Structures are given as structure tokens and as C-alpha cells.
Protein chains: 2
Amino acid sequence: MTPPDKIDKREQILQAAEQLFAEKGFDGTSVRDIAHEANVNLAMISYYFGSKEKLLESLIEQRFRISIGILEELSNDQSLSAWEKIDRLIDYYVERMVTNRRFHNIMNQEYNTDRSSEIKDLITRIKLQNLERIKGIIVDGQRQKLFRPVDIELTLGSIMGTIAQVTSLRKLYCNLLQIDNTDEASYSNVVIPRLKVHLKQLMRAHLDIKNEA
Amino acid sequence: MTPPDKIDKREQILQAAEQLFAEKGFDGTSVRDIAHEANVNLAMISYYFGSKEKLLESLIEQRFRISIGILEELSNDQSLSAWEKIDRLIDYYVERMVTNRRFHNIMNQEYNTDRSSEIKDLITRIKLQNLERIKGIIVDGQRQKLFRPVDIELTLGSIMGTIAQVTSLRKLYCNLLQIDNTDEASYSNVVIPRLKVHLKQLMRAHLDIKNEA
DNA sequence: CTATTCTAATTAAACGTTTGTTTAATTTAA
DNA sequence: TTAAATTAAACAAACGTTTAATTAGAATAG
């Protein structure tokens, strides 16, 4: 039989760390926990990453780099109307934040502590860059007289905040939406389409220039 | 001069814990940190609260009990229209979550770890109870043909999520809104009214039966 | 093809701190 | 005099990290 050890041990450690950090927090997770979960010797973590802190940085950097260009591409796509861009934006973020909610969880926890200012700055920089790009989409829609004047920054906050709220207070919303908390698939199958529909409807009402000022 | 020791030591410890838990997380804060910040001997924490964990429970319980009846009162107030109730609801939650954001921070962090299931259940129960009450307000508005049919649960998520997003990613939104991060007063003075206006506008567009379906 | 060499991977054990909690003695105030 | 409040000291356990020894696997030489 093929030994599971054949997967790169570095990646094993990263996966174990992602899971445990999300469940128990950074400080609540010991390197011994991670080593045990990854079926790896304790010392391998220092060996590969240098320290527990550096392990977290590696995790964040790697998981972030995955999808930075997507927003730029969407933003610059001339074939899409401003309305279509908003819809695709919602689809993208709902999909991304629901399926990667463990990772977003870690980032939020890390962002709300004053431990490593480097990590916080990294997150701020990337998020700011993304938000500026979305701002551009809404401004374009306003220039074309499709969207009415709104508080753009807080509109972004409503889109991201709605998704973040449902995903990060998962237990609460499973209760509220009457979803089985334990079944990951049925959770996604209910929450993802429902979030997409709600947010598109919300933004249509909020942004449409035909609605009351 | 009046010695600051005259304030109840229990309360000193609670305040120090609230601040440090919010800044550094539960596991990131040592009881020695708390004792030092509260100008209290290390052993006083076990003496008063029994343990670090019980200290957190005391903190959450005490801070929660403060405002449970308010929602019930608002919900049952016959002199207010459904629209007015929504507005007051927004005012209340914006005010509450921005000024007590440290406490909400702790709760979020605690909610997203699987340490104490008791605390998580406590939070779930209270929040669920509150959300059900707000649901009632929207359902009433729909019965009176003031509000159109919407996804009520996710509408609640949008209200709470917007506020939570802005307050919990504070550094990011200070950047985005061009507010001085260090000055607490100017932060509140900008963010609170702006959140209120935005959310009322958002809900007016979203809920008004006169807008497109 | 075997034997040797060398580097990277892996390990168990130990390091010095820091952790939350307890103890036993002392001070305070009624 | 008595009980509560407060203290410094000590406790064992857990922490992140390092060490020094061993194994594995490919490269090199005969």
C-alpha cells in the first residue's frame, strides 16, 4: 500500500496547522498538537519553518497568493456591465469565504491581536488593495448612471460583513437557518446559494438608481 | 490623594482582563499580565474567580446581562411603526457594538474556538433569542405590507455583519475611511453616524415594498 | 555492481521559560 | 479575637526551541 507519508511533510504540517489554528486559535494550539495531527516529529516544525510564528506566516502567505489576480481581471473586463461585475463579485466572495472559512477564521483571529504587526500589515495591504478595486467597480457604475450615490466603503463592508457574519458565527446561523451543523456538504449547499441570492437582491435594491434616494 | 485601590478589586481585574483578552486573546494573555495590569497580586485572580477560565465566564455573563431587556421593550412598543423600530434597532446596535467593541471582540474570538462549549452555548442562546425578536419586527412589517418579502435571517446577518465588519477590522477601515486610528473619539464620531446613515438607507432600499422585487 | 561518502531527513531527549494554580504565612479591618 | 484580604514563594505541567545522535537515499568512486 502507498504510505500516506508520501505527501510532502511540509504540506502535511501546513494543513494540520490550518485546521488547529482555526479550531483552537494560534496560542491555543501547541506545536506538539500540530506535530501529532500531522503525524510528524515535533522537531520537524522548527526544522521546516524555523518557528511556530514563521509557520503561521508561511500559511497566510501561501493561502493568500492563490487568488489576487482574479479581482483585477474582473475589474478590467470590458465585456461586463457594472451590474454583472457586482454579481460576479458576490459569487466569487461567497464561494471563497464559505469554502475557505477555516482560513478566514485564522486571519480574523490574527488580525484582532497585537502580536505580529508584520502579519497585520500584510493582511491590511492586500485587503485594502482588493477593496480599492471593488470601489472602482461601483464608481464606474455611478458614472454610467446605473448606480445611485451611496456610501461606497460601507457598502463594501455590508457585502463582506454579511458573508463573514454567517460563516464566522456558523453554529448560530446553522441554528437560525435550521441546517445540520455537522454535515459540511449540506451546509454549503444551503448557505452558498442563499447568500448569493440575498446579497444580489440587497445590492440591486441598494444600488439601483431607479429606487428612492 | 485618593488611592485608586479604592475601586473594587474584582472590577479592576475584570476591566484589565477585558482589555487584555481583546488585545491579545484569551490564550495570549497570562494571569500575570492581568494581575500586573490590574495592580493586583497574582493570587487574587484565583482567589476571586477560581480560575482564568471562570474569570472569562464572569466577564461574559456580567457584560451580557446589561442589555437584554432593551430589545424586548423595543419589540413590544406599540407606539412605534415597523420602520421606526428598524431605525431604533440600527441606532442601538451601532452604538453598542462600536463603543463595546473590545467586548464583542472577545466574544467572537471565544466563539470561534472549541475550548469551552458552555460559553459557546451561552452566547448562542442569547444571540438566538435576540435575533428571533428582531425577526418578529420584520415579520410584523411584512404583515402590514410595509416590507416586501426578503430573506429575513440573512437580512439580520447583513445588519450585524456590516457593523461587525467595520469594528472588528478596525485598522483596515480606518485606512479606508481615512480616520485617525489612534484617536478613539474622532473614530467614534465618524464611524457611528456614518454606519447609522448607511444601514438605514440600506434597509430602506432593501425592505421597502415600493422598490422592485 | 558493490562499497563508500555525504547530505538531508528524522528522531528522542533535554533545554530553559512560562504557564495556571496552590500553599502557607502575613496583614487588614471589623 | 476572628475572618477576610493580601502576599511572596513554590508547584508541577506545558510551552517553544535546540541539541546531538541516528537513519535514509542519492551521488560518487573503485
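Please read these numbers as outputs of a predicted model, since none were measured by experiment. Numbers restart at 1 for each chain; the letters A, B, ... are given by sequence-line order, proteins then strands.
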| message | Using every non-hydrogen atom in the two residues, find where A:E18 and A:L59 come nearest and quote the distance to one decimal. | response |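 Scanning both residues, the minimum pair turns out to be CA-CD2, 3.8 Å.
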Does [X] reach the side chain of [Y], with side-chain heavy atoms less than 4.5 Å apart?
| X | Y | result |
| --- | --- | --- |
| A:Y93 | A:I159 | no |
| A:Q12 | A:K9 | yes |
| A:L74 | A:R133 | no |

| said: If we count only N and O atoms by modelled type, under 3.5 Å, do the side chains of A:H104 and A:S168 hold a donor and an acceptor together? | reply: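 Result is no, nothing qualifies.
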| query | Under 3.5 Å, is there a donor-acceptor pair linking the side chains of A:H198 and B:S158? | reply |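 There is such a pair (donor and acceptor under 3.5 Å, judged by atom type) between the side chains of A:H198 and B:S158.
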| task | Give me the ring orientation class for B:F26 and B:F21: parallel if the planes are under 30° apart, tilted from 30 to 60°, perpendicular past 60°. | result |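 Rings of B:F26 and B:F21: tilted, as their planes differ by 30° to 60°.
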| query | So, A:T167 side chain and A:A164 main chain: donor-acceptor pair closer than 3.5 Å or not? | reply |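 Judged by distance alone, yes, a pair lies under 3.5 Å.
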[X] [atom1] to [N] [atom2]: how many Å, rounded?
| X | N | atom1 | atom2 | result |
| --- | --- | --- | --- | --- |
| B:L42 | D:dA8 | CG | P | 10 Å |
| A:I13 | C:dA9 | CD1 | C1' | 12 Å |
| B:L56 | C:dG20 | CG | P | 13 Å |
| A:N39 | C:dA9 | CG | P | 19 Å |
| B:M44 | C:dT22 | CE | C1' | 14 Å |

| message | Using the side-chain heavy atoms of A:K9, tell me which of these nucleotides is nearest: D:dA10, C:dT11, D:dT6. | response |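 Selected nucleotide (nearest to the side chain): C:dT11.
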| request: Give the nucleotide from the list C:dA12, C:dT21, D:dT7 with an atom nearest to the side chain of B:N41. | output: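 The answer is D:dT7, which lies nearest to the side chain.
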| said: Quick check on contacts: within residues 45-55 of chain B, what sits under 4.0 Å from DNA chain C by heavy-atom distance? | reply: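 Close to the strand are B:S46, B:S51, B:K52.
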| message | Please list, in numerical order, the residues of residues 20-36 of chain B that have a heavy atom closer than 4.0 Å to any atom of DNA chain C. | response |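 Within this stretch, B:T29, B:S30, B:V31, B:R32 sit under 4.0 Å of the strand.
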| What bend angle does the helix from C:dC1-D:dG30 to C:dA30-D:dT1 show across its length, from five-pair end axes and to the nearest 10 degrees? |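 Here the helix ends are tilted 0° relative to one another.
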| Cationic tip of B:R88 above B:W83 ring, under 6.0 Å, 45° of axis |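 Output no; distance or angle outside limits.
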| message | side-chain contact (heavy atoms from CB on, under 4.5 Å) for A:N181 and A:R170? Distances and angles first, verdict last. | response | CA-CA 8 Å; A:N181 192 1; A:R170 171 176 164 133; 3.2 Å; yes
| said: Before you tell me yes or no, could you show the steps for A:V31 and A:H36 under side-chain contact (heavy atoms from CB on, under 4.5 Å), namely the whole-Å CA-CA distance, both residues' side-chain angles and the distance that decides it to 0.1 Å? | reply: CA-CA 8 Å; A:V31 291; A:H36 181 259; over 6 Å; no
